[in-house]
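Right, one structure below, let's go through it.
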Amino acid sequence: MRGRTETVMSDYNFTSIEKKWQKRWLEEKTFKTDVRAPGEKFYCLDMFPYPSGAGLHVGHPEGYTATDILCRYKRMKGFNVLHPMGWDAFGLPAEQYAVETGTHPAVTTAKNIARFREQIRSIGLSYDWDREVDTTDPKYYRWTQWIFEQLYKKGLAYVAEVPVNWCPALGTVLANEEVIDGRSERGNHPVIRRPMRQWMLKITEYAERLLKDLDKLDWPEGIKEMQRNWIGKSTGALVDFKVEKLKSCEVEKQEDTVTVFTTRCDTLFGATYMVVSPEHKLVAKWLKEGLIENAGEVSEYIRKASMKSDLERTELNKEKTGVELRGIKGVNPVNGDRLPVFISDYVLASYGTGAIMAVPAHDERDFDFAKVFNLPVYQVVAQSGEQGTGNGEPGTGNGRVPYTGSKAFTDIASGVMVNSGFLNGLSVEEARPAMIKWLEEKGVGRAKTQYKLRDWLFSRQRYWGEPFPVIHWEDGTQSLVPEEDLPLTLPELADYKPTGTGEPPLAKAKEWVNVVDPKTGKKGVRETNTMPQWAGSCWYYLRYIDPLNDKCFADPELLKKWLPVDLYVGGAEHAVLHLLYARFWHKVLFDLGFVPTDEPFRKLVNQGMILGTAYKTKRGVLVPMDKITWRDGKPWGAEPAEEGKEPNPEEELVEFPAKMSKSLKNVINPDDVIRDWGADSLRLYEMFMGPLQAVKPWSTKGVEGVFRFLKRTNRLVTETAVEDRDMSREEAASLARMVKKVSADVETMNFNTAISAMMIFINDAEAQAKKAGNLPRRYVETFVLCLSPFAPHLCEELWEGLGHSRSIQFEKWPGYDESALVENEVEIPVQVMGKLRGRVKIPAGAAADVAEKAAAANPDVAKFLEGKTIVKTVFVPGRMVNFVVK
RNA sequence: GCCAGGAUGGUGAAAUGGCAGACACAGCGGACUUAAAAUCCGCUGCUCCGUAUAGAGCGUGCGGGUUCGAGUCCCGCUCCUGGCACCA
């Protein structure tokens with residue numbers, strides 16, 4: 001690959017061309033946005049990266065190139081384009097590096113940002129670099145803290161003692177989203193549950209609006225659906241169950257009420273037991289009051305449940321566990337049945353009321369539990385048309401009829417109520433409101449909407465994050481750092497290690513922590529938690545609009561002009577986290593009157609992941625690239641041997657795309673691609689691989705293909721005589737086809753087919769040049785204009801070579817001549833019984849009889865018509881003819 | 001289990017219900033060259049038939065359906081990828 005550089009350089013010297021134009025763009029601020037200039041705005045946003053030590057990977061330029069092409073195109077169409085870039089730079093890796101080496105995270109971060117900026121510039125992306133933001137810059141996080149204060153003042157931030165995901169290895173608490181199968185997303189360490197004092201944000205208060213407003217967003221349906229599931233709205237009812245302490249059939253005590261949440265209140269007649277979560281407040285109360293006869297057993301279960309990590313809770317759930325609370329019974333309000341009450345960890349304290357009524361006949365989980373504990377299972381819903389099940393006809397049953405099925409019957413759509421008193425004969429849909437009405441009339445229940453969404457755990461026990469601008473005073477009060485004193489900057493620390501006790505590293509900065517009120521002399525301590533990484537990314541798109549403003553986070557006039565973001569492009573991995581949090585903050589700022597729109601991102605596009613090439617064995621085991629030997633161009637390798645065993649025999653491997661990873665050694669570095677083929681080839685290939693949204697495997701051969709196209713373009717434009725002559729009919733047609741296709745495809749972001757249209761054009765153009773010995777100026781220049789958003793460096797160079805002194809970015813996007821596309825004669829396919837049998841040339845716009853006559857006369861067609869009667873003829877003008885024969 | 005998305009040549013892919021495989025990669029053959037690289041020209045879905053021009057059949061994961069006509073629309077499956085998962 002390196003060896004042929006010399007030959008390559010002699011005709012298409014991409015390295016010097018790209019350096020030259022990148023330098024010029026930067027010096028001349030070619031892409032500077034005047035946010036106050038008139039003109040229709042286009043705000044195009046890329047998800048800003050975390051500047052890791054590893055540098056860019058080929059996934060980054062994919063989305064960035066797509067938006068860059070669109071932005072360059074929009075500028076040429078006369079739009080005022082805002083296209084910025086910045087750094088989401090708070091986060092754990094820089095802090096862990098600091099723990100290991102003692103280097104301040106700010107130093108590491110600055111170094112990584114410099115590298116990222118350099119790499120991004122080497123791709124030729126048209127950002128306005130005067131708008132760069134960095135979430136770790138005090139001038140930036142001053143406003144992150146300021147927004148937190150607004151949330152606090154609105155009552156949306158509070159401190160709570162909550163069971164959290166504590167990761168001993170990282171010495172910190174993690175958000176639910178950062179825990180995967182009971183292990184930390186970062187580092188894969190075990191996570192346990194432990195109650196701790198934490199900052200929470202009341203995102204639940206916005207659940208309904210976050211759900212409802214999804215409908216008006218132009219986002220991928222899948223992402224919207226994921227957010228809907230995450231918010232998890234369900235409508236049902238709260239039902240009150242009295243709890244009795246019984247003593248030899250006499251009610252000794254009845255004062256407590258357990259309220260359950262259910263979406264199936266229609267099945268209330270079928271409830272055969274109740275379950276409360278081990279953490280339920282009443283359980284502790286009953287134990288204290290001595291109501292529970294088997295208190296020892298119950299306490300032991302509670303203790304074990306609290307020790308379990310989420311992973312264990314999930315894993316052990318294959319077999320249901322629990323303990324009955326002996327001595328008390330719940331009373332079913334609809335029929336007075338006395339029900340046993342259990343505690344079990346299959347009921348979550350954090351959802352609904354932490355208590356359920358169990359209807360094993362019509363709920364899978366209850367059914368499983370009932371089988372383990374041998375509890376009665378009563379049928380109250382039957383398949384429509386089978387109402388005879390149970391004790392007879394609909395409308396008559398009211399008994400406790402055992403359900404005999406082998407699994408729970410949960411079909412809501414076809415279910416009909418049986419054995420349920422006043423509900424008998426109703427469908428499930430009808431029975432629900434009927435039961436709610438009954439519950440409300442008796443005062444023992446009411447309709448209720450419940451969400452899965454929990455409040456946002458907003459604090460981390462880390463150093464490298466935004467400090468909370470909060471002071472806790474010795475008298476127990478709490479106050480915010482005054483807005484004018486922001487930012488509250490991070491103190492210097494000698495030692496960034498987690499304390500391991502859960503107390504954050506900031507607690508070590510004694511001078512910073514301890515404060516004295518200058519007026520009253522009151523003593524206080526600063527909050528030592530820091531904000532999670534999501535904080536800075538929740539509002540960065542607002543700061544880009546007015547990044548240097550030191551009076552407010554952004555000028556309201558400019559926000560009014562530039563919001564919402566017109567297009568947001570990034571990876572699908574942020575589907576629920578970043579995008580939900582950012583929407584939440586935006587809505588709060590909207591309610592407070594700080595932003596003019598209630599949603600931040602109008603249109604969202606997710607680019608698909610780029611996979612690496614990998615090879616697997618017959619059994620499907622992936623073999624790292626450096627363990628593969630090539631024989632006759634075929635890959636051979638062996639599965640890694642188990643410890644202490646004989647090595648496995650080598651076998652021929654099969655190509656299999658897989659995520660790029662260090663362990664597979666198949667990571668493609670954009671720097672290498674740029675060195676060998678240039679940034680324009682990198683850009684073009686990333687777009688040519690396939691649709692932006694699709695997951696696609698990287699192919700080095702594919703890069704060579706687009707490189708060849710650029711080389712041919714360069715040669716055609718620089719080595720063909722360009723004349724000021726009119727285009728031939730053929731030239732005009734091929735040019736118009738290309739411009740039309742490229743314009744339409746860029747608008748819809750189908751970059752792969754736009755590039756293929758330009759490849760078709762260059763094939764045509766080479767033939768034309770050969771034939772005529774020269775090419776018309778308009779023909780060549782229009783092509784260079786169309787290619788310029790895709791391969792900007794080469795096109796600037798060619799444009800200059802064509803005698804223009806101004807950057808091609810300032811030119812108008814070309815139109816096309818519709819009349820050049822009109823043809824005199826068209827060739828259309830002829831089918832007999834829907835099978836293609838021949839083609840005929842007919843005048844464009846020919847009438848049906850003319851076309852049919854010509855079609856029937858075609859010898860290839862005629863032989864299939866011979867001896868047959870034409871029953872029907874289908875003619876689609878300009879498209880095809882089809883004969884139906886008998 | 002639930003939700004979403006997908007399945008088209010050797011590969012990446014393209015195709016308003018109207019010529020399936022555009023464009024590119026790989027492969028094969030040729031030109032140029034002492035040679036190689038680069039470049040250029042031609043062929044390239046599968047099967048059959050044939051000296052060849054040509055021709056025939058099959059073909060968009062599987063099974064049905066609608067239609068003059070289905071990769072595309074409808075019904076029923078299979079497999080893959082991602083997300084969620086004891087949320088009552």
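First the proteins, then the strands, lettered A, B, ... as listed; each starts at 1.
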From the options [options], select the nucleotide whose nearest atom is closest to the side chain of [X].
X: A/Y351; options: B/C23, B/A88, B/A26; value: B/A88
X: A/R879; options: B/G18, B/A13, B/C3; value: B/G18
X: A/P691; options: B/C58, B/A20, B/A14; value: B/A14
X: A/K835; options: B/A88, B/A24, B/C58; value: B/C58
X: A/K711; options: B/U39, B/A88, B/A24; value: B/U39
X: A/M880; options: B/G18, B/A88, B/A14; value: B/G18
X: A/S234; options: B/A88, B/A56, B/A13; value: B/A88
X: A/I760; options: B/G83, B/G18, B/C23; value: B/C23
X: A/N752; options: B/C23, B/A13, B/G57; value: B/A13
X: A/F261; options: B/C3, B/A88, B/G18; value: B/A88

[atom1] gap between [N] and [M], integer Å:
N: B/G17; M: B/U72; atom1: P; result: 11 Å
N: B/U81; M: B/C48; atom1: P; result: 35 Å
N: B/A22; M: B/C74; atom1: P; result: 28 Å
N: B/A36; M: B/G50; atom1: C1'; result: 40 Å

Classify the nucleic acid contact of [X] as base, sugar-phosphate or nothing, counting any heavy atom under 4.0 Å across all strands shown.
X: A/V874; answer: base
X: A/T263; answer: sugar-phosphate
X: A/Q831; answer: base
X: A/K452; answer: base
X: A/R228; answer: nothing

Which pair of non-hydrogen atoms, one from A/L339 and one from A/N332, has the smallest distance, and what is that distance? CD1-CB, 4.2 Å

Under 4.0 angstrom between A/N750 side-chain N/O and B/A14 OP1 or OP2: no

So does A/N229 get a side-chain nitrogen or oxygen closer than 4.0 Å to the phosphate oxygens (OP1/OP2) of B/A4? no

Regarding A/E686 and A/R683, does a basic nitrogen lie under 4.0 Å from an acidic carboxylate oxygen? no

Please work out which of the three classes, parallel, tilted or perpendicular, describes the rings of A/Y581 and A/W456, given edges at 30° and 60°. parallel

Charged tip of A/K320 within 45° of A/Y346 ring normal and under 6.0 Å: yes

A/W677 side chain near A/Y685 side chain, heavy-atom distance below 4.5 Å: no

Only one of A/F373, A/F369, A/Y378 forms a ring-ring contact (aromatic ring centres under 6.0 Å, His included) with A/Y273, so which one is it? A/F369

